[in-house]
2 protein chains.
Amino acid sequence: MVADMGGGDVGSGDRGMGNSAGGLSIGRVAEATGMSVHALRFFEREGLFLRPIPRTSGGQRVYDQADVDWLLLCNRLRDSGMPIATIRRFADLVRSGPGNETERLALLRDHEQAVRAKIAELTADLAVIQDKVRTYERHLREGTAVGLWAPTPPA
Amino acid sequence: MVADMGGGDVGSGDRGMGNSAGGLSIGRVAEATGMSVHALRFFEREGLFLRPIPRTSGGQRVYDQADVDWLLLCNRLRDSGMPIATIRRFADLVRSGPGNETERLALLRDHEQAVRAKIAELTADLAVIQDKVRTYERHLREGTAVGLWAPTPPA
DNA sequence: TCTTGACCTAGAGTCCAGTCTAGAAAATAG
DNA sequence: CTATTTTCTAGACTGGACTCTAGGTCAAGA
């Protein structure tokens with residue numbers, strides 16, 4: 001967990017990024033989110049951030065904690081099967097400010113249903129797999145071959 | 001555009017596939033499994049069947065119910081996240097006959113654990129998403145903006 | 001200062017799991 | 001028999017989500 005940013009011993013101006021104002025380099029954000037720096041730049045190209053990520057005078061990206069929080073939410077959405085295109089639509093809605101909360105809610109509710117459905121499907125798949133596992137266990141215990149796939153299964 | 005077919009019409013035994021011996025055309029198997037005929041040919045190229053699929057004298061594939069059953073299991077494995085390469089390893093084990101049941105069991109157990117882990121992850125993701133949904137619902141009910149992503153989130 | 005190591009861009013490449021195409025032959029319905 | 005539908009092959013193509021490359025620039029420690 002690399003997330004503390006508490007008592008700030010401020011240097012001076014904002015040169016560099018190991019500072020107190022919440023400025024995080026791309027590498028630190030990668031660590032904090034588990035994403036690769038490549039993936040972070042890809043995310044930006046795809047318009048998935050809620051704001052244009054600011055740069056240092058030298059052109060390097062400076063993130064803050066809100067960016068990290070957003071990325072952590074994005075990871076939840078992505079890991080649970082939301083396509084990048086949909087995350088982008090959500091980001092677009094958030095970016096365009098208040099007034100479209102109903103749309104954002106609808107999008108999230110749709111995804112919630114999709115996740116519930118996926119869990120249900122996996123649970124059904126799991127039952128089938130467990131059944132196979134139990135069949136093999138019984139076979140190995142008892143030396144029978146009933147219910148196993150044979151090279152040339154009995155008609 | 002029917003070209004003449006010369007004299008190559010050698011008499012052969014099994015015409016057609018709507019017969020009694022359980023012979024199924026690729027189209028019927030596609031229907032029965034929910035896969036496309038393209039996917040079925042792809043599956044075969046990838047060596048995922050338990051046997052070489054036999055052909056009619058005219059070169060068309062003839063499946064049987066055991067093939068369909070195997071495909072239905074494959075679909076469970078695939079849908080639950082098993083990569084094609086792993087399904088192929090499993091098929092290879094089954095094809096090479098008795099004696100490797102321990103390996104097959106290990107493969108299935110590993111996948112069982114993977115599916116359990118995925119369900120756990122999705123359940124955690126779902127909690128986060130539900131939380132967001134509830135936040136938006138409250139916002140829309142009460143007209144507050146607490147906890148919502150703003151275009152420029154408060155530092 | 002010098003030297004690493006982190007970072008920059010644009011764009012090409014990778015992997016997975018199919019999907020689609022073209023042109024031809026086979027099966028089936030009328 | 002004819003027309004329509006299905007199937008055949010090899011191989012090119014797709015889409016999603018990154019990942020990596022090349023050729024630099026920037027930042028920080030000894």
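By convention in this document, chain letters (A, B, ...) are assigned in the order of the sequence lines, proteins followed by strands, and residues within each chain are numbered from 1.
Between the side chains of A/S80 and A/H111, at least one donor N or O lies within less than 3.5 Å of an accepting N or O.
Computed from coordinates, the B/F42 CZ to D/dT14 P distance equals 17 Å when rounded to whole Å. Note: CG (B/N75) to P (C/dA17) measures 13 Å, nearest angstrom. In this structure, B/I87 atom CD1 and C/dC16 atom P are separated by 13 Å, rounded to whole Å. Residue B/M35 contributes atom CE, which lies 11 Å from atom C1' of C/dA17 at whole-angstrom precision. For A/F43 and D/dA17, the CZ to P distance is 10 Å, given to the nearest whole Å. Remark: P of C/dA27 and CG of B/L24 are 16 Å apart, rounded to the nearest angstrom. Look at CD on A/Q60: it is 18 Å from P on D/dG24, rounded to the nearest Å. Distance B/E31 CD to D/dT7 P: 9 Å, rounded to the nearest Å.
Salt-bridge formation is detected for the pair B/R109/A/E137: a Lys NZ or Arg NE/NH1/NH2 atom is positioned less than 4.0 Å from an Asp or Glu carboxylate oxygen. A salt bridge links A/E44 to A/R55: at least one charged side-chain nitrogen sits closer than 4.0 Å to a carboxylate oxygen.
Dashed line: the shortest gap from a side-chain N or O of A/R41 to OP1 or OP2 of C/dC8 is under 4.0 Å. Side-chain nitrogen and oxygen atoms of A/R61 include at least one within less than 4.0 Å of the OP1 or OP2 phosphate oxygen of C/dC8. An OP1 or OP2 oxygen of D/dC26 is reached within less than 4.0 angstrom by no side-chain nitrogen or oxygen of A/R55. Contact annotation: A/S25 does not reach the phosphate of C/dA6 (side-chain N/O to OP1 or OP2, under 4.0 Å).
In the set D/dC18, C/dA17, C/dC8, the nucleotide with an atom closest to the side chain of A/A39 is D/dC18. Here C/dT21 is the nucleotide among D/dC26, C/dT21, C/dG11 with the atom lying nearest to any side-chain atom of B/H38. The side chain of B/R45 has C/dT19 as its nearest neighbour among C/dT19, C/dG18, D/dA27.
Both B/I84 and B/G59 lie near DNA chain C, and the one whose nearest nucleotide falls closer to the 5' end is B/I84. Along DNA chain D, the nucleotide closest to A/G58 and the one closest to A/S36 are compared, and the more 5′ of them pairs with A/S36.
The backbone N or O of A/D67 lies less than 3.5 Å from no partner atom in the side chain of A/R51, so there is not a single donor-acceptor pair.
In this structure, A/Y63 and A/F49 have tilted ring planes: the angle between them lies in the 30° to 60° band.
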